[in-house]
Visitor: 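Have a look at this one.
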There are 2 protein chains.
Amino acid sequence: MNASPTPMPGRPVRGSTTGRSVMAALDLFGRRWTLRIIWELGSEPLGFRLLQRRCDGMSSSVLRQRLTELQEARLAEVLRDGSYTLTPLGHDAREALGPVIEWSRRWAAELADAPPTAAEGAGDGQRNRF
Amino acid sequence: MNASPTPMPGRPVRGSTTGRSVMAALDLFGRRWTLRIIWELGSEPLGFRLLQRRCDGMSSSVLRQRLTELQEARLAEVLRDGSYTLTPLGHDAREALGPVIEWSRRWAAELADAPPTAAEGAGDGQRNRF
DNA sequence: TGGAGTGCTTCGGAATTCGAAGCACTCATC
DNA sequence: GATGAGTGCTTCGAATTCCGAAGCACTCCA
(Lines give C-alpha, C1' and ligand atoms only; values in the text may rest on other atoms or scores of the structure.)
Protein backbone atom coordinates (compact mmCIF):
# COMPACT_ATOMS: atom_id res chain seq x y z
CA MET A 1 0.00 0.00 0.00
CA ASN A 2 1.06 3.61 0.04
CA ALA A 3 2.65 5.59 2.81
CA SER A 4 1.19 8.02 5.38
CA PRO A 5 -0.59 6.15 8.15
CA THR A 6 -4.22 6.72 8.98
CA PRO A 7 -4.49 9.79 11.18
CA MET A 8 -5.67 8.88 14.64
CA PRO A 9 -6.31 11.01 17.69
CA GLY A 10 -3.70 10.84 20.39
CA ARG A 11 -0.60 10.57 18.31
CA PRO A 12 1.20 12.97 15.99
CA VAL A 13 -0.30 13.46 12.58
CA ARG A 14 1.11 14.31 9.21
CA GLY A 15 2.46 17.80 9.49
CA SER A 16 1.60 18.13 13.14
CA THR A 17 3.51 17.26 16.25
CA THR A 18 0.72 18.04 18.66
CA GLY A 19 -1.51 15.05 18.09
CA ARG A 20 -4.60 16.95 19.11
CA SER A 21 -7.67 15.11 17.98
CA VAL A 22 -8.88 18.09 16.01
CA MET A 23 -5.76 18.06 13.89
CA ALA A 24 -6.05 14.34 13.37
CA ALA A 25 -9.62 14.80 12.18
CA LEU A 26 -8.63 17.69 9.97
CA ASP A 27 -5.92 15.54 8.47
CA LEU A 28 -8.19 12.56 7.98
CA PHE A 29 -10.88 14.65 6.34
CA GLY A 30 -8.36 16.64 4.40
CA ARG A 31 -7.46 13.76 2.15
CA ARG A 32 -8.80 13.63 -1.33
CA TRP A 33 -12.20 11.96 -1.54
CA THR A 34 -12.56 11.21 2.14
CA LEU A 35 -15.34 13.69 2.76
CA ARG A 36 -17.05 12.65 -0.41
CA ILE A 37 -16.95 8.98 0.50
CA ILE A 38 -18.43 9.62 3.91
CA TRP A 39 -21.10 11.67 2.27
CA GLU A 40 -22.04 9.05 -0.28
CA LEU A 41 -21.87 6.24 2.21
CA GLY A 42 -24.15 8.08 4.57
CA SER A 43 -27.34 7.46 2.68
CA GLU A 44 -26.98 3.73 2.20
CA PRO A 45 -24.53 0.83 2.18
CA LEU A 46 -22.71 0.52 -1.09
CA GLY A 47 -20.52 -2.06 -2.74
CA PHE A 48 -17.05 -1.15 -3.85
CA ARG A 49 -17.77 -0.64 -7.49
CA LEU A 50 -21.05 1.16 -6.95
CA LEU A 51 -19.47 3.47 -4.42
CA GLN A 52 -16.75 4.17 -6.91
CA ARG A 53 -19.33 5.15 -9.49
CA ARG A 54 -21.10 7.40 -7.00
CA CYS A 55 -17.81 9.18 -6.48
CA ASP A 56 -17.61 10.15 -10.13
CA GLY A 57 -15.47 7.16 -10.97
CA MET A 58 -12.62 7.99 -8.66
CA SER A 59 -9.62 5.74 -9.04
CA SER A 60 -10.06 2.33 -7.48
CA SER A 61 -6.63 2.34 -5.92
CA VAL A 62 -7.34 5.46 -3.93
CA LEU A 63 -10.82 4.30 -3.03
CA ARG A 64 -9.34 1.15 -1.60
CA GLN A 65 -6.86 3.21 0.35
CA ARG A 66 -9.52 5.52 1.72
CA LEU A 67 -11.80 2.68 2.70
CA THR A 68 -9.00 1.07 4.63
CA GLU A 69 -8.28 4.32 6.40
CA LEU A 70 -11.92 4.81 7.26
CA GLN A 71 -12.11 1.30 8.63
CA GLU A 72 -9.03 1.81 10.73
CA ALA A 73 -10.49 5.04 11.99
CA ARG A 74 -13.70 3.19 12.79
CA LEU A 75 -15.85 5.33 10.59
CA ALA A 76 -16.73 2.60 8.15
CA GLU A 77 -17.15 -1.14 8.21
CA VAL A 78 -18.00 -3.98 5.89
CA LEU A 79 -21.31 -5.78 6.04
CA ARG A 80 -21.77 -9.50 5.70
CA ASP A 81 -22.64 -9.11 2.06
CA GLY A 82 -19.42 -7.23 1.47
CA SER A 83 -20.90 -3.77 1.09
CA TYR A 84 -19.60 -0.80 3.02
CA THR A 85 -21.44 1.28 5.59
CA LEU A 86 -20.77 3.90 8.16
CA THR A 87 -20.43 2.88 11.76
CA PRO A 88 -22.44 4.84 14.32
CA LEU A 89 -19.34 6.96 14.75
CA GLY A 90 -19.22 7.41 11.02
CA HIS A 91 -22.82 8.54 10.93
CA ASP A 92 -22.06 11.06 13.63
CA ALA A 93 -19.29 12.36 11.45
CA ARG A 94 -21.58 12.70 8.52
CA GLU A 95 -24.10 14.55 10.61
CA ALA A 96 -21.33 16.82 11.76
CA LEU A 97 -20.83 17.52 8.10
CA GLY A 98 -24.41 18.73 7.76
CA PRO A 99 -23.68 22.38 8.54
CA VAL A 100 -20.93 22.33 5.96
CA ILE A 101 -23.44 21.24 3.36
CA GLU A 102 -25.81 23.98 4.38
CA TRP A 103 -23.01 26.46 4.22
CA SER A 104 -22.16 25.38 0.71
CA ARG A 105 -25.60 26.48 -0.40
CA ARG A 106 -25.11 29.92 1.04
CA TRP A 107 -21.72 29.93 -0.59
CA ALA A 108 -23.22 29.13 -3.96
CA ALA A 109 -25.86 31.81 -3.50
CA GLU A 110 -23.34 34.40 -2.44
CA LEU A 111 -21.06 33.76 -5.39
CA ALA A 112 -24.02 33.88 -7.71
CA ASP A 113 -24.67 37.60 -7.42
CA ALA A 114 -21.24 38.69 -6.31
CA PRO A 115 -19.11 39.87 -9.22
CA PRO A 116 -16.77 37.00 -10.04
CA THR A 117 -15.12 39.55 -12.27
CA ALA A 118 -12.45 41.12 -10.06
CA ALA A 119 -8.83 40.18 -10.56
CA GLU A 120 -9.23 37.77 -7.70
CA GLY A 121 -5.73 37.00 -6.60
CA ALA A 122 -4.55 36.31 -10.11
CA GLY A 123 -1.40 38.14 -10.98
CA ASP A 124 -3.13 41.24 -9.75
CA GLY A 125 -1.87 44.76 -9.33
CA GLN A 126 0.07 45.51 -6.15
CA ARG A 127 2.76 42.92 -5.69
CA ASN A 128 4.62 43.89 -2.60
CA ARG A 129 2.58 46.09 -0.33
CA PHE A 130 5.61 47.02 1.73
CA MET B 1 1.20 28.22 -10.64
CA ASN B 2 -0.07 24.71 -10.38
CA ALA B 3 -3.04 23.12 -12.10
CA SER B 4 -6.58 22.34 -10.85
CA PRO B 5 -8.72 25.47 -10.68
CA THR B 6 -10.39 26.61 -7.49
CA PRO B 7 -13.60 24.65 -7.01
CA MET B 8 -16.63 26.90 -7.31
CA PRO B 9 -20.29 26.15 -7.03
CA GLY B 10 -22.21 26.12 -10.28
CA ARG B 11 -19.64 24.57 -12.53
CA PRO B 12 -18.10 21.12 -12.74
CA VAL B 13 -15.46 20.33 -10.18
CA ARG B 14 -12.45 18.10 -10.17
CA GLY B 15 -13.79 14.61 -10.51
CA SER B 16 -17.38 15.69 -10.73
CA THR B 17 -19.53 16.58 -13.66
CA THR B 18 -22.53 17.64 -11.63
CA GLY B 19 -21.27 20.93 -10.29
CA ARG B 20 -23.52 20.73 -7.27
CA SER B 21 -22.39 23.20 -4.67
CA VAL B 22 -21.95 20.48 -2.09
CA MET B 23 -19.45 18.70 -4.27
CA ALA B 24 -17.60 21.91 -4.92
CA ALA B 25 -17.40 22.55 -1.20
CA LEU B 26 -16.27 19.00 -0.54
CA ASP B 27 -13.58 19.40 -3.15
CA LEU B 28 -12.43 22.75 -1.83
CA PHE B 29 -12.25 21.51 1.74
CA GLY B 30 -10.76 18.23 0.66
CA ARG B 31 -7.46 19.77 -0.30
CA ARG B 32 -4.51 19.43 1.95
CA TRP B 33 -4.31 22.16 4.59
CA THR B 34 -7.45 23.99 3.53
CA LEU B 35 -9.47 23.05 6.58
CA ARG B 36 -6.54 23.75 8.79
CA ILE B 37 -5.97 27.19 7.33
CA ILE B 38 -9.60 28.14 7.77
CA TRP B 39 -9.38 26.90 11.30
CA GLU B 40 -6.28 28.87 12.17
CA LEU B 41 -7.46 31.97 10.41
CA GLY B 42 -10.72 31.88 12.28
CA SER B 43 -9.39 33.17 15.55
CA GLU B 44 -7.51 36.18 14.26
CA PRO B 45 -5.96 37.76 11.18
CA LEU B 46 -2.52 36.42 10.46
CA GLY B 47 0.34 37.40 8.22
CA PHE B 48 1.69 34.94 5.72
CA ARG B 49 4.69 33.80 7.65
CA LEU B 50 2.91 33.62 10.97
CA LEU B 51 0.05 31.67 9.47
CA GLN B 52 2.58 29.31 8.01
CA ARG B 53 4.08 28.76 11.44
CA ARG B 54 0.65 28.13 12.93
CA CYS B 55 0.14 25.43 10.35
CA ASP B 56 3.12 23.47 11.61
CA GLY B 57 5.40 25.06 9.07
CA MET B 58 3.57 23.87 6.00
CA SER B 59 5.34 24.61 2.77
CA SER B 60 5.07 28.18 1.63
CA SER B 61 4.29 27.28 -1.95
CA VAL B 62 1.22 25.32 -0.98
CA LEU B 63 0.16 27.96 1.50
CA ARG B 64 0.30 30.55 -1.23
CA GLN B 65 -1.78 28.30 -3.45
CA ARG B 66 -4.38 27.68 -0.77
CA LEU B 67 -4.64 31.35 0.10
CA THR B 68 -5.26 32.19 -3.52
CA GLU B 69 -7.94 29.55 -3.73
CA LEU B 70 -9.59 30.77 -0.57
CA GLN B 71 -9.57 34.30 -1.89
CA GLU B 72 -11.08 33.24 -5.17
CA ALA B 73 -13.70 31.33 -3.28
CA ARG B 74 -14.35 34.43 -1.19
CA LEU B 75 -13.57 32.77 2.08
CA ALA B 76 -10.51 34.83 2.80
CA GLU B 77 -9.26 38.30 2.04
CA VAL B 78 -6.27 40.47 2.68
CA LEU B 79 -6.38 43.39 5.05
CA ARG B 80 -4.79 46.74 4.44
CA ASP B 81 -1.81 45.74 6.49
CA GLY B 82 -1.34 42.69 4.36
CA SER B 83 -2.56 40.11 6.85
CA TYR B 84 -5.16 37.53 5.98
CA THR B 85 -8.61 37.12 7.47
CA LEU B 86 -11.77 35.25 6.84
CA THR B 87 -14.59 37.04 5.12
CA PRO B 88 -18.03 36.81 6.73
CA LEU B 89 -18.64 33.89 4.42
CA GLY B 90 -15.40 32.40 5.61
CA HIS B 91 -16.40 32.75 9.23
CA ASP B 92 -19.64 31.00 8.45
CA ALA B 93 -17.64 28.19 7.00
CA ARG B 94 -15.54 27.94 10.08
CA GLU B 95 -18.60 27.85 12.24
CA ALA B 96 -19.98 25.13 10.05
CA LEU B 97 -16.83 23.26 10.90
CA GLY B 98 -17.63 23.46 14.59
CA PRO B 99 -19.58 20.20 14.77
CA VAL B 100 -16.72 18.46 13.03
CA ILE B 101 -14.41 19.58 15.78
CA GLU B 102 -16.82 18.39 18.42
CA TRP B 103 -17.11 15.10 16.66
CA SER B 104 -13.36 14.68 16.67
CA ARG B 105 -13.44 14.70 20.45
CA ARG B 106 -15.99 11.93 20.55
CA TRP B 107 -13.88 10.14 18.01
CA ALA B 108 -10.81 10.40 20.21
CA ALA B 109 -12.76 9.19 23.21
CA GLU B 110 -14.25 6.27 21.34
CA LEU B 111 -10.92 5.10 20.02
CA ALA B 112 -9.44 5.40 23.47
CA ASP B 113 -11.29 2.47 25.00
CA ALA B 114 -12.09 0.55 21.84
CA PRO B 115 -9.58 -2.21 21.17
CA PRO B 116 -7.20 -0.80 18.56
CA THR B 117 -5.87 -4.34 18.48
CA ALA B 118 -7.92 -6.06 15.78
CA ALA B 119 -6.43 -6.72 12.38
CA GLU B 120 -8.20 -3.64 11.16
CA GLY B 121 -8.38 -3.97 7.44
CA ALA B 122 -4.80 -5.03 7.16
CA GLY B 123 -4.27 -8.06 5.02
CA ASP B 124 -6.91 -9.75 7.10
CA GLY B 125 -8.43 -13.18 6.80
CA GLN B 126 -11.11 -13.57 4.17
CA ARG B 127 -9.94 -12.13 0.92
CA ASN B 128 -12.67 -12.73 -1.57
CA ARG B 129 -15.96 -13.32 0.11
CA PHE B 130 -17.52 -14.61 -3.09
C1' DT C 1 23.96 51.30 6.97
C1' DG C 2 22.94 47.07 8.81
C1' DG C 3 20.29 43.44 10.39
C1' DA C 4 15.85 41.22 11.05
C1' DG C 5 11.38 40.31 9.42
C1' DT C 6 7.92 40.01 5.70
C1' DG C 7 5.26 38.40 1.42
C1' DC C 8 6.08 35.64 -2.17
C1' DT C 9 8.53 32.81 -6.03
C1' DT C 10 11.36 29.18 -7.95
C1' DC C 11 12.61 24.57 -8.50
C1' DG C 12 14.16 19.75 -7.95
C1' DG C 13 12.82 15.83 -5.57
C1' DA C 14 9.36 13.19 -2.82
C1' DA C 15 4.70 11.71 -2.08
C1' DT C 16 0.11 11.15 -3.66
C1' DT C 17 -3.29 10.41 -7.12
C1' DC C 18 -4.88 8.74 -11.40
C1' DG C 19 -6.57 5.28 -14.56
C1' DA C 20 -6.31 1.51 -17.37
C1' DA C 21 -5.53 -3.28 -17.14
C1' DG C 22 -5.94 -7.54 -15.01
C1' DC C 23 -6.91 -11.39 -11.47
C1' DA C 24 -9.99 -14.35 -9.00
C1' DC C 25 -14.34 -15.16 -8.11
C1' DT C 26 -19.77 -15.45 -8.20
C1' DC C 27 -24.03 -15.57 -10.26
C1' DA C 28 -27.17 -16.08 -13.79
C1' DT C 29 -28.30 -17.53 -18.55
C1' DC C 30 -27.83 -20.31 -22.17
C1' DG D 1 -20.99 -26.59 -18.16
C1' DA D 2 -19.27 -22.98 -21.13
C1' DT D 3 -20.24 -18.04 -21.58
C1' DG D 4 -20.87 -13.47 -20.24
C1' DA D 5 -21.59 -9.97 -17.01
C1' DG D 6 -20.67 -8.17 -12.51
C1' DT D 7 -17.91 -7.93 -8.26
C1' DG D 8 -13.94 -6.75 -4.91
C1' DC D 9 -9.44 -5.71 -5.24
C1' DT D 10 -4.28 -5.25 -7.07
C1' DT D 11 -0.64 -3.65 -9.91
C1' DC D 12 1.96 -0.25 -12.05
C1' DG D 13 3.53 3.56 -14.96
C1' DA D 14 2.39 8.21 -15.62
C1' DA D 15 0.46 12.67 -14.09
C1' DT D 16 -0.35 15.68 -10.48
C1' DT D 17 0.42 17.61 -6.13
C1' DC D 18 3.19 18.55 -2.22
C1' DC D 19 7.37 19.52 0.15
C1' DG D 20 11.12 22.44 1.63
C1' DA D 21 15.16 24.89 1.10
C1' DA D 22 16.83 28.85 -1.17
C1' DG D 23 16.36 33.33 -2.77
C1' DC D 24 14.34 38.04 -4.22
C1' DA D 25 12.46 42.49 -3.16
C1' DC D 26 11.06 45.15 0.22
C1' DT D 27 10.17 47.54 4.93
C1' DC D 28 11.01 48.69 9.49
C1' DC D 29 13.89 49.64 13.32
C1' DA D 30 18.24 50.48 15.50
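Below, chains carry the letters A, B, ... as their sequence lines are ordered, and counting in each starts from 1.
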Visitor: Using a cut-off of strictly less than 4.0 Å, decide whether Tyr84(B) has a side-chain nitrogen or oxygen near OP1 or OP2 of dT6(C).
Guide: no
Visitor: If each of Gly47(B) and Ser61(B) is mapped to the nucleotide of DNA chain C with the nearest heavy atom, which maps nearer the 5' terminus, i.e. the 5' end?
Guide: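 Upstream on the strand: Gly47(B).
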Visitor: Enumerate the residue pairs fulfilling side-chain hydrogen bond (donor to acceptor under 3.5 Å, both in side chains) with a member in residues 96-106 of chain A, sequence neighbours excluded, ordered by first and then second residue.
Guide: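 Sorted result for residues 96-106 of chain A: Arg106(A)-Asp92(B).
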Visitor: What is the distance, to the nearest angstrom, from the CG atom on Leu50(A) to the P atom on dA5(D)?
Guide: 19 Å
Visitor: Could you tell me whether Asp56(B) and Arg36(B) have a side-chain N and a carboxylate O separated by less than 4.0 Å?
Guide: yes
Visitor: Using only heavy-atom distances, decide whether a donor-acceptor pair under 3.5 angstrom links the side-chain of Ser60(B) to the base of dG20(D).
Guide: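 Per atom types, no contact qualifies.
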Visitor: Among dG7(C), dG20(D), dC9(D), which nucleotide sits nearest the side chain of Ser59(B)?
Guide: dG20(D)
Visitor: Could you verify whether a donor N or O on one side chain and an acceptor N or O on the other, from Thr6(A) and Glu69(A), lie under 3.5 Å apart?
Guide: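 Checked: Thr6(A)/Glu69(A) side chains show no N/O donor-acceptor pair below 3.5 Å.
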Visitor: Can you find a side chain N or O atom of Arg66(A) that sits less than 4.0 Å from OP1 or OP2 on dT17(C)?
Guide: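 The answer is yes; a side-chain N or O of Arg66(A) sits under 4.0 Å from OP1 or OP2.
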Visitor: Kindly indicate whether a cation-pi arrangement holds for Arg74(B) with Trp107(A), taking the cut-offs as under 6.0 Å to the six-membered ring centre and within 45° of the axis.
Guide: no
Visitor: With sequence neighbours left out, write down each residue that passes side-chain hydrogen bond (donor to acceptor under 3.5 Å, both in side chains) with Arg54(A), or none if nothing qualifies.
Guide: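 Partners of Arg54(A) under the side-chain hydrogen bond (donor to acceptor under 3.5 Å, both in side chains) test: Glu44(A).
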Visitor: What is the distance, to the nearest angstrom, from the CZ atom on Phe48(A) to the P atom on dC25(C)?
Guide: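 My rounded result for the distance is 18 Å.
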Visitor: To the nearest angstrom, how far is Arg32(A) atom CZ from dT16(D) atom C1'?
Guide: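 That distance rounds to 7 Å.
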Visitor: Between atom CG in Asp27(A) and atom C1' in dC18(D), what is the gap in whole Å?
Guide: 13 Å
Visitor: Is there a side-chain contact between Trp33(A) and the phosphate of dT16(C), meaning an N or O under 4.0 Å from OP1 or OP2?
Guide: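 Answer is no, no contact under 4.0 Å.
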Visitor: Is any side-chain nitrogen or oxygen of Arg53(A) closer than 4.0 Å to OP1 or OP2 of dG6(D)?
Guide: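 Checking Arg53(A) against dG6(D): no side-chain N or O falls below 4.0 Å of OP1 or OP2.
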Visitor: Measuring to OP1 and OP2 of dC18(D), would you say a side-chain N or O of Gln65(B) lies under 4.0 angstrom away?
Guide: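 So the side chain of Gln65(B) is within the cut-off, an N or O lying under 4.0 Å from OP1 or OP2 of dC18(D).
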Visitor: How many whole angstroms separate atom CZ of Arg49(A) from atom P of dC25(C)?
Guide: 16 Å
Visitor: Between P on dT6(C) and CG on Leu46(B), what's the gap in Å once rounded to a whole number?
Guide: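 Those two atoms, CG and P, are 12 Å apart.
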Visitor: Quick one: Leu67(A) CG to dG8(D) P, roughly how many Å, whole number?
Guide: 10 Å
Visitor: Ignoring the backbone of Arg64(A), work out which of dT10(D), dT6(C), dT17(C) is nearest its side chain.
Guide: dT10(D)
Visitor: In whole angstrom, what separates Leu63(B)'s CG from dA21(D)'s C1'?
Guide: 16 Å
